[in-house]
Protein chains: 2
Amino acid sequence: MNTPSHFFLSENNIPFRDYLKFGLSVDCVVFGYNEGKVQVLLIERNAEPFKGSWALPGELVPMNANLEDSANDVLKNLTGLSNIFMEQFFTFGSVDRHPAGRVATVGYYSLVGSNNYRPIASSWAKSIRWFDIDDLPALAFDHKRILQKGINTLKRRVRYRPVGFELLSKKFTLSELQDLYEALLDSKFDKPNFRKKILSMDLLIQLDELQENVSHRPAKLFKFDENRYRLLREDGFVFDI
Amino acid sequence: MNTPSHFFLSENNIPFRDYLKFGLSVDCVVFGYNEGKVQVLLIERNAEPFKGSWALPGELVPMNANLEDSANDVLKNLTGLSNIFMEQFFTFGSVDRHPAGRVATVGYYSLVGSNNYRPIASSWAKSIRWFDIDDLPALAFDHKRILQKGINTLKRRVRYRPVGFELLSKKFTLSELQDLYEALLDSKFDKPNFRKKILSMDLLIQLDELQENVSHRPAKLFKFDENRYRLLREDGFVFDI
DNA sequence: TCAAAAGTGTTCCGAATACACCCATGC
DNA sequence: GCATGGGTGTATTCGGAACACTTTTGA
C-alpha cells in the first residue's frame, strides 16, 4: 500500500480508504440426498446476532484468505472433508443485510455424497442437521433468500451439467440416479427411456459389482467417467438431461 | 451499529471490526452486437492504477449503495441509459487482485441493443470504445479473466434463456436473430429450420412493418413477447435454442 | 411361488435435418 | 432481367415417449 493516495480518489473526491469498510463473508448451501429427498445442512447459531436461529454455515473472510479457501474452510469444519464439489452462485450485498455493518456475502453451494458427510458441531454451531428442502425452518439474516437462490441455481444447473452425480456415492445404481433426478427436477421418468438416454451419453462406467442385501434382483453399480466428460466437453459436448 | 462488539468475535477472537476492511467494486461486461460481431465496451482508464490501460467499466461501491444500483450507475454513466438488461455472474476476490488494498469485485454483464447505446467518455475514462470479443486488448487488473468469464457465461446462458433478444433493437428480422445466435454460439443454422423452430415457440410477435431501404425483398419485423414468455415460464417452459 | 425391482425390445410419433424451391425488391 | 436475401414446403432421419415384456434375487 505504498501507492500515493491521490491515485485512488474517486470522481466525487471520496478518498480510497473510505471505501474499504466492507466485511465479506461466504455462506454455503450444502446439499445432500437421502432416501429420495434433497436436503440442506443448516446450523443453529451459537453466537449473536441471531443466536439460536437456524442459518447457513458461513464465515467472515479473513483479510488474507481467498474466497474459495474460506468456503472450503467452512465445509472442512462442517463435514471434516476437503475436496468437496463446490461452486459459487451469487453475491448478496444489500446495504442493510447485516445488523452490525456493511457485510456482503458470497454464496456457494456444494454437493456431498450421501455417505460422505459427518456433520460436526463446533463452537459456532449449537447444533447442526439436515433439512429436506421442502420443509425448512426460519433462517437468520437474509439466509432464506440465499438458500432459495441456491436451490433454484442447483435445479437449473443440474439440467445442463453432470453435477447430480456428486450427490450420490461414488458407486451408484441407475435407479438411484433416476430417483435423484426425479427429486431434483420434480418430475417422473420412464425407466427404460431414462436408462437408454443416460447410457447413450457414454459417461458412465459399469463396474464389476452388484448391489448387495436387497430382496430383489441386485442392480449393477456404475461410476461417473470424469475423464470422458472432460474429453467430450472439449469437443463442445453439452450435457443435457 | 450499537450492538456490543463481543457479539461479533469470531472463533479465533479477532474482533469483528478487523474484518471490515474490504473494498467492494462492480465491474460491467457490456455486450453489444454489430454487423455480425459480438462486442464489449471497454474504457481507457484515466486514473491510477493502470492509467492508460484498457479496462472494464466499473466503480467502487459506496458504503450506502446496493450492488445493483452501483452497477446501474456505471451503465448510466457509460451509455446514458437506465433500464438496461443486466445480470450478476461472478464475484472475484483474490487477495492480490488489487494493488492498493483488498478489493473484491462483483461481475455483471449487460446487453445493450445495437441502436440503443451512445458511449459517453467521462472523467474516469480517457476514451471508450467497442471491441470485438475475438480481438481484445490487454486489460488492467484481472479484468481479462473477468471478461472471459463474462463471455463464457453469456454463451452458456444464451442457450437456455431468451437473453439474445436484448442485443437486438426492439424490432428485428428473423435473419438478424439468426445471425446473432450464430455469432454467439459460433455455429451455422439452416434458415428454414431456424425460422420454424423459433416461430414454433410462439415467443415472437409479428409486426405490421417491413424492413426498408434494402435492395431485396424486405423482411418482416418481429418483437419479443415478454408477457407470453412470463406465462410460459410459469408453466415450466424452458427456453432452449 | 410370489413380490419386487432390475433390465430389454419394439412400436410410434414428433421434432430436427437436409434441401429444393418460390417471392419481392433495387438496380 | 438478375442479383440478393426473404420466405415456404416436403421427404427423411433420428431421438424421445409409451409400453409390454423377461430376468434375478430374497423370502
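Numbered from 1 within each chain, the chains take letters A, B, ... in sequence-line order.
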Q. B/Ser200 near the nucleic acid: base, sugar-phosphate alone, or nothing, with a heavy-atom cut-off under 4.0 Å?
A. nothing
(Q) Considering every strand and a 4.0 Å limit on heavy-atom distances, what is the contact class for B/Thr173: base, sugar-phosphate, or nothing? (A) nothing
Q. Under 6.0 Å from the six-membered ring centre of A/Phe131 and within 45° of its axis: does the NZ or CZ of A/Arg129 meet both?
A. yes
Q.
Can you say whether a donor on the side chain of B/Lys191 sits under 3.5 Å from an acceptor on the base of D/dG6, or the other way round?
A. yes
If I take atom [atom1] in residue [X] and atom [atom2] in nucleotide [N], what distance separates them, rounded to the nearest angstrom?
| X | N | atom1 | atom2 | value |
| --- | --- | --- | --- | --- |
| B/Met201 | C/dA15 | CE | P | 12 Å |
| A/Leu174 | C/dT8 | CG | C1' | 13 Å |
| B/Phe222 | D/dG6 | CZ | P | 12 Å |
| A/Leu177 | C/dG7 | CG | P | 13 Å |
| A/Arg195 | C/dG7 | CZ | C1' | 5 Å |

Measure from the ring center of [X] to the ring center of [Y] and say whether it is less than 6.0 Å.
| X | Y | value |
| --- | --- | --- |
| B/Phe189 | B/Tyr181 | no |
| A/Phe92 | A/Phe90 | yes |
| A/Phe172 | A/Phe165 | yes |

Q) Just one of B/Lys220, B/Lys223, B/Lys171 clears the salt bridge (Lys or Arg N to Asp or Glu O under 4.0 Å) bar with B/Glu209, so which one? A)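 Going through B/Lys220, B/Lys223, B/Lys171 one by one, the salt bridge (Lys or Arg N to Asp or Glu O under 4.0 Å) with B/Glu209 is satisfied by B/Lys171 alone.
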(Q) Treating A/Ser70 as the side-chain partner and A/Asn66 as the backbone partner, does any N or O pair qualify as donor plus acceptor under 3.5 Å? (A) no
Q. Can any side-chain N or O of B/His143 pair as donor or acceptor with the backbone N or O of B/Ala55 at less than 3.5 Å?
A. no
Q: Give me the residues of residues 233-241 of chain B where at least one heavy atom lies under 4.0 Å from an atom of DNA chain C, by number, or none.
A: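 None - not one residue of the stretch has a heavy atom sitting under 4.0 Å from the strand.
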Q.
Under 3.5 Å, is there a donor on one side chain and an acceptor on the other for B/Glu87 and B/Tyr108?
A.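 No - no donor-acceptor pair under 3.5 Å links their side chains.
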Q) Bend angle of the helix from C/dT1-D/dA27 to C/dC27-D/dG1 from five-pair axes at both ends, rounded to 10°? A) 0°
Q: Let me have a per-nucleotide readout for nucleotides 17-27 of chain C, 5' to 3', with B, S or -, counting only protein heavy atoms under 4.0 Å.
A: BBBB--BBBS-
Q: Look at the rings of B/Phe89 and B/Tyr109 and say which category their plane angle falls in: under 30° parallel, 30 to 60° tilted, over 60° perpendicular.
A: tilted
